[in-house]
Amino acid sequence: MPELPEVETIVRGLRAAVSKRKIMSVRLGKTDFIVEPAALAERLPGSRIAAVERYGKFISLTLEPAGGTPRFYFMIHLGMTGQIIPRASSAPIVPHTHVFLELDDGRELRYTDIRRFGQMFLLPESGIAQFRTKLGTDPLDITSREFVKRFRSRRARIKALLVDQRVLRGMGNIYADESLWRARIHPEKIAATLKPAQLIALHRAVRRVLEDAIRLKGSSISDFLDAEGRRGEYQLHHRVYGRAGKSCSRCKTTIRRIVVAGRGSYFCPRCQASPRPASRRQPKR
DNA sequence: AGCTCTTCCTGAAAGC
DNA sequence: TGCTTTCAGGAAGAGC
């Protein structure tokens, strides 16, 4: 599933591969994940890709139409299984490819999404500010101070907050679990009960995990491919995610999986002490 | 404020 | 063996 490191990897690849290219035409397959498919088909042709940026888990293509028409943004969220890869127009079409952007150099930027949990929409320049207010700070930009401030008064479980895009934009399930393991914090711990030192440790862990993952071009569990169609390698370094039943690399205890905030959450029961000790029992009368 | 449940979707894996 | 059921989850919305 594409989270911050995967999206960052794709954005870097796209920036190198399609910057300055002009979109010549648009072909669409299924469109139920596109906010206004007609607007997309109408406005993309003729515009040039002026910039490629990441905003949380969103890919933002800045498009410049010909003839002085104001620039606008083509926003893409990959959901669970989205892939966006430039290919030669003659390349075979993989199943579930639903958007084809013909470029001025004989290639097509193709969007493939098996489950169609992805999202696409256009934003005018004036809509960007509004869009941004819905999302929290980028975890790679946030200062330690700000990080502590954001969590210390929240009564929600830390895992739920880490994957909440309004708190930190770009974090997802894999990197939340990996960061919590690193900081030795149980996913069900109430954020407000964490000591400042623990929050600082968590901030450091988040940065470290994300930076390492970006360096290895993300995690490919099943579907993730970068803009060159290559798999990432960070999945080989996961300490807890997807490792239920295997042993903790730090203490050899068996990794467990529980559901927190509706997501599978992996942790080491020994390194990450439970907020509710299992041994405590209620006396009967 | 924050929790659970539901919906969207497909393919892989488990169950019978 | 082969069909059926369950599960995975990012985000949004309902209801409590």
Side-chain angles (χ1 to χ4, degrees), chain A residues 1-10 28-37 54-60 75-84 93-99 111-121 123 130-136 138-139 149-180 186-194 210 213 218-225 231 235 238 240-245 255-267 275-276:
Chain A
M1 56 217 79
E3 304 179 21
L4 188 153
E6 290 77 27
V7 179
E8 179 64 27
T9 300
I10 288 171
L28 301 175
K30 291 187 180 176
T31 58
D32 55 357
F33 60 96
I34 303 174
V35 174
E36 273 186 279
R54 177 181 64 78
Y55 206 81
K57 297 180 199 170
F58 286 88
I59 298 167
S60 159
M75 308 298 295
I76 304 162
H77 193 297
L78 302 172
M80 293 290 296
T81 53
Q83 301 176 344
I84 185 159
I93 295 165
V94 305
H96 305 289
T97 302
H98 298 299
V99 178
Y111 178 77
T112 303
D113 191 347
I114 295 174
R115 296 185 200 174
R116 303 202 303 286
F117 277 15
Q119 210 187 344
M120 286 184 182
F121 55 93
L123 274 185
Q130 157 82 3
F131 167 75
R132 291 187 176 178
T133 59
K134 294 183 206 154
L135 297 171
D138 193 289
K149 200 172 150 191
R150 189 135 317 181
F151 290 93
R152 70 173 172 208
S153 58
R154 299 293 300 265
R155 300 294 310 171
R157 292 170 297 182
I158 188 68
K159 170 70 184 272
L161 293 175
L162 280 177
V163 297
D164 186 337
Q165 301 302 295
R166 294 167 300 185
V167 178
L168 291 176
R169 61 177 193 258
M171 287 294 287
N173 207 31
I174 297 174
Y175 299 103
D177 282 2
E178 292 298 316
S179 301
L180 288 169
H186 190 284
E188 290 186 296
K189 198 98 169 114
I190 300 297
T193 67
L194 291 166
L210 294 176
S219 301
S220 292
I221 304 291
S222 54
D223 299 289
F224 172 68
L225 296 178
R231 289 166 57 83
Q235 69 281 4
H238 289 175
V240 283
Y241 186 82
R243 300 192 68 247
I255 303 295
R256 282 193 57 202
R257 177 187 184 277
I258 57 174
V259 174
V260 183
R263 273 110 152 187
S265 300
Y266 300 87
F267 69 103
R276 295 167 299 157

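A note on names: the letters A, B, ... follow the listed sequences, proteins ahead of strands, and every chain is numbered from 1. The figures that follow rest on heavy atoms only: side chains count, while hydrogens, waters and symmetry mates do not.
Contact annotation for Q165(A): backbone-only contact, meaning every heavy-atom pair under 4.0 Å involves sugar-phosphate atoms and none involves a base. Nucleic acid contact class of D113(A) (heavy atoms, under 4.0 Å, all strands): none. Residue G264(A) is in sugar-phosphate contact alone, with no base atom involved, counting any heavy-atom pair closer than 4.0 Å across all strands shown. Across all strands, F121(A) comes closer than 4.0 Å to no nucleic acid atom at all (heavy-atom distances).
Residue P187(A) is tested with V240(A), V259(A), L180(A), V163(A) for a side-chain contact (heavy atoms from CB on, under 4.5 Å); the sole match is L180(A). Each of F58(A), Y111(A), F131(A), F121(A) was compared with H77(A) under the ring-ring contact (aromatic ring centres under 6.0 Å, His included) criterion, and only F58(A) meets it.
Looking only at side-chain heavy atoms (C-beta outward), N173(A) and K159(A) come within less than 4.5 Å of each other.
The side chain of R154(A) approaches dG2(B) more closely than any other nucleotide in the set dG11(B), dG9(C), dG2(B). Relative to the side chain of D32(A), the nucleotides dC3(B), dG11(B), dC9(B) differ in distance, and dC9(B) lies closest. With dC3(B), dG11(B), dA11(C) as the candidates, the nucleotide lying closest to the side chain of R263(A) is dA11(C). Proximity note for K30(A) (side chain, C-beta onward) versus dT10(B), dA8(C), dA11(C): the nearest is dT10(B). Checking dG9(C), dG10(C), dT4(B) against every side-chain atom of R157(A), the shortest atom distance belongs to dT4(B). Of the candidate nucleotides dA11(C), dG2(B), dG11(B), dG2(B) has the atom nearest to the side chain of R155(A).
Q83(A) places no side-chain N or O within 3.5 Å of a backbone atom of D113(A) that could act as its donor or acceptor partner. Panel note: side chain E178(A), backbone Y241(A); a donor-acceptor pair is recorded below 3.5 Å.
L4(A) has its CG atom 14 Å from the P atom of dG10(C), to the nearest Å. The CZ-P distance, from R116(A) to dG10(C), rounds to 18 Å in whole Å. When rounded to the nearest whole Å, the span between CZ of R243(A) and C1' of dA8(C) equals 19 Å. Nucleotide dA12(C) holds its P atom 8 Å from the CZ atom of R166(A), rounded to whole Å. Between L78(A) atom CG and dA11(C) atom C1' there is a gap of 14 Å when expressed in whole angstrom units. In this structure, the CG atom of D164(A) is 9 Å from the P atom of dG2(B), given to the nearest Å. Between H77(A) atom NE2 and dG10(C) atom P the separation is 9 Å, expressed in whole Å. Remark: P of dC7(C) and CZ of R257(A) are 10 Å apart, rounded to the nearest angstrom.
Stacking annotation: F117(A) is stacked on the base of dG10(C) (ring centroids less than 5.5 angstrom apart, interplanar angle below 30 degrees).
Considering only side-chain N and O atoms, Y241(A) lies under 4.0 angstrom from the phosphate OP1 or OP2 of dG9(C). H96(A) has no side-chain polar atom (N or O) that falls below the 4.0 Å cut-off from OP1 or OP2 of dC9(B).
Between atom CD1 of residue I84(A) and atom OG1 of residue T97(A) there is a gap of 11.0 Å, rounded to the nearest 0.5 Å.
Donor-acceptor pairing under 3.5 Å, judged by distance alone, is present between the side chain of R115(A) and the base of dA8(C).
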